Amino acid sequence: MPYLIPPRTPLTPEQVERAFDYLLALQTGGGSNVAGRADADPELAFLLLRVAEDIVWPAAAVGEESEPHSDSFALEEVGCILLSALRDWARDSPTTGALGIARSIIRFVVNVIPDPDDEDTATTLETMRDEHLVLAHAMDSAPGTHR
């Protein structure tokens, strides 16, 4: 249901770094490693939500390249429900929502994203960060973009 994902401005490289730094700090060191960051960075819940959309939607959406079946439609609907709940959380409780959104992203990566190299979750998140940074730099340097 792509209509549930509104068009949006791409994240800047700095925003990508902030979101993934938080995710990696939480994954490698737990809640004490990120204590107080959401209070100091009120935009963090929004950034994590954007990263969640970029991670969850491609993994959950019914793709055109494969034969759709009931399980694929169920996963797509679960992805839509998860993103809807995370959007509500980010909107209603940005400072307390950041930790929950980050934990949801990590849990999704652990349980849904296939890891072909059998790496640990932190390595998978680092790879995702690098991919997101490439896209953010490309968008940031594209002609006609004003930031």
Side-chain angles (χ1 to χ4, degrees), residues 1-64 72-147:
M1 294 181 198
Y3 60 86
L4 293 177
I5 307 287
R8 45 207 169 107
T9 305
L11 294 177
T12 66
E14 295 78 22
Q15 291 172 321
V16 169
E17 285 283 354
R18 285 178 19 222
F20 276 97
D21 284 351
Y22 188 88
L23 286 170
L24 287 162
L26 180 61
Q27 174 60 26
T28 58
S32 62
N33 249 18
V34 296
R37 284 196 195 187
D39 292 330
D41 187 356
E43 187 184 35
L44 188 58
F46 166 76
L47 299 178
L48 290 166
L49 173 62
R50 294 289 304 284
V51 168
E53 291 170 345
D54 291 343
I55 292 172
V56 172
W57 185 247
V62 175
E64 295 176 8
S72 58
F73 288 108
L75 179 59
E76 180 178 69
E77 191 59 31
V78 168
C80 289
I81 292 167
L82 173 61
L83 290 175
S84 178
L86 295 179
R87 281 186 202 114
D88 289 347
W89 206 349
R91 181 190 65 239
D92 296 340
S93 306
T95 55
T96 59
L99 181 60
I101 294 167
R103 285 184 173 148
S104 297
I105 293 169
I106 291 168
R107 189 166 187 186
F108 188 86
V109 169
V110 167
N111 293 307
V112 178
I113 304 290
D115 189 0
D117 298 326
D118 198 34
E119 299 170 346
D120 63 26
T121 304
T123 304
T124 302
L125 288 169
E126 288 169 353
T127 301
M128 289 178 167
R129 178 198 57 209
D130 295 344
E131 292 167 354
H132 280 77
L133 278 172
V134 168
L135 292 171
H137 281 292
M139 292 304 295
D140 201 44
S141 62
T145 44
H146 302 286
R147 298 210 185 241

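This is a predicted model, so every value here is computed, not measured. Counting begins at 1 with the first residue of the sequence. Just the heavy atoms: all of them, side chains too, but no hydrogens, waters or symmetry mates, feed the values below.
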query: Is any side-chain N of the basic residue among R91 and D88 closer than 4.0 Å to the acidic one's carboxylate O?
result: yes

Minimum heavy-atom distance L26-R103, with the two atoms named: CD2-CG, 3.7 Å

- prompt: Which heavy-atom pair separates M139 from P10 by the least distance, and what is that distance?
  reply: CE-CG, 3.6 Å

- request: Evaluate the side-chain contact (heavy atoms from CB on, under 4.5 Å) criterion for residues E126 and R129: first the C-alpha distance (whole Å), next the side-chain angles of each, then the deciding distance (0.1 Å), finally the verdict.
  value: CA-CA 5 Å; E126 288 169 353; R129 178 198 57 209; 4.1 Å; yes

- prompt: Any side-chain heavy-atom pair from V51 and L11 closer than 4.5 angstrom?
  reply: yes

- request: Measure the CG-CD1 distance between L125 and I105 for me, rounded to the nearest 0.5 Å.
  value: 8.5 Å

field: Exercise: identify the closest heavy-atom pair between A122 and L24
entry: O-CD2, 3.4 Å

- request: Go through the steps for L23 and F20 under the test side-chain contact (heavy atoms from CB on, under 4.5 Å), then give the verdict.
  value: CA-CA 5 Å; L23 286 170; F20 276 97; 4.0 Å; yes

task: Drop me the distance from L135's CG to D130's CG, to the nearest 0.5 angstrom.
output: 11.5 Å

field: Closest heavy-atom pair and its distance - F108, V56
entry: CE2-CA, 3.7 Å

- prompt: Do you know which of V109, V34, I106 makes side chain to side chain contact (heavy atoms under 4.5 Å, CB included) with Q27?
  reply: I106

message: For a side-chain contact (heavy atoms from CB on, under 4.5 Å) check, start with the C-alpha distance between E17 and L133, then their side-chain angles and the critical distance, and finish with the verdict.
response: CA-CA 8 Å; E17 285 283 354; L133 278 172; 3.0 Å; yes

query: How far apart are the closest heavy atoms of W89 and G97, and which atoms are they?
result: NE1-CA, 3.4 Å

- prompt: Between atom NE2 of H132 and atom CZ of R50, what is the distance when rounded to the nearest 0.5 Å?
  reply: 9.5 Å

task: Tell me yes or no: between the side chains of D120 and T123, is some donor less than 3.5 Å from an acceptor?
output: yes

- prompt: Would a distance-only check, ignoring hydrogens and angles, find a side-chain to backbone donor-acceptor pair under 3.5 Å from T12 to Q15?
  reply: yes

field: Between CE on residue M128 and OG1 on residue T121, distance to nearest 0.5 Å
entry: 9.5 Å

field: CD1 on I101 to CG on L44, rounded to 0.5 Å
entry: 8.5 Å

- request: Taking side-chain hydrogen bond (donor to acceptor under 3.5 Å, both in side chains) as the test, write out the residues that go with R107, two or more places apart.
  value: none

message: How long is the straight-line distance from CD of E53 back to CG of L82, given to the nearest 0.5 Å?
response: 10.5 Å

- line: In terms of heavy-atom contacts, A102 and Y22 come closest through CB-CE2, 3.5 Å

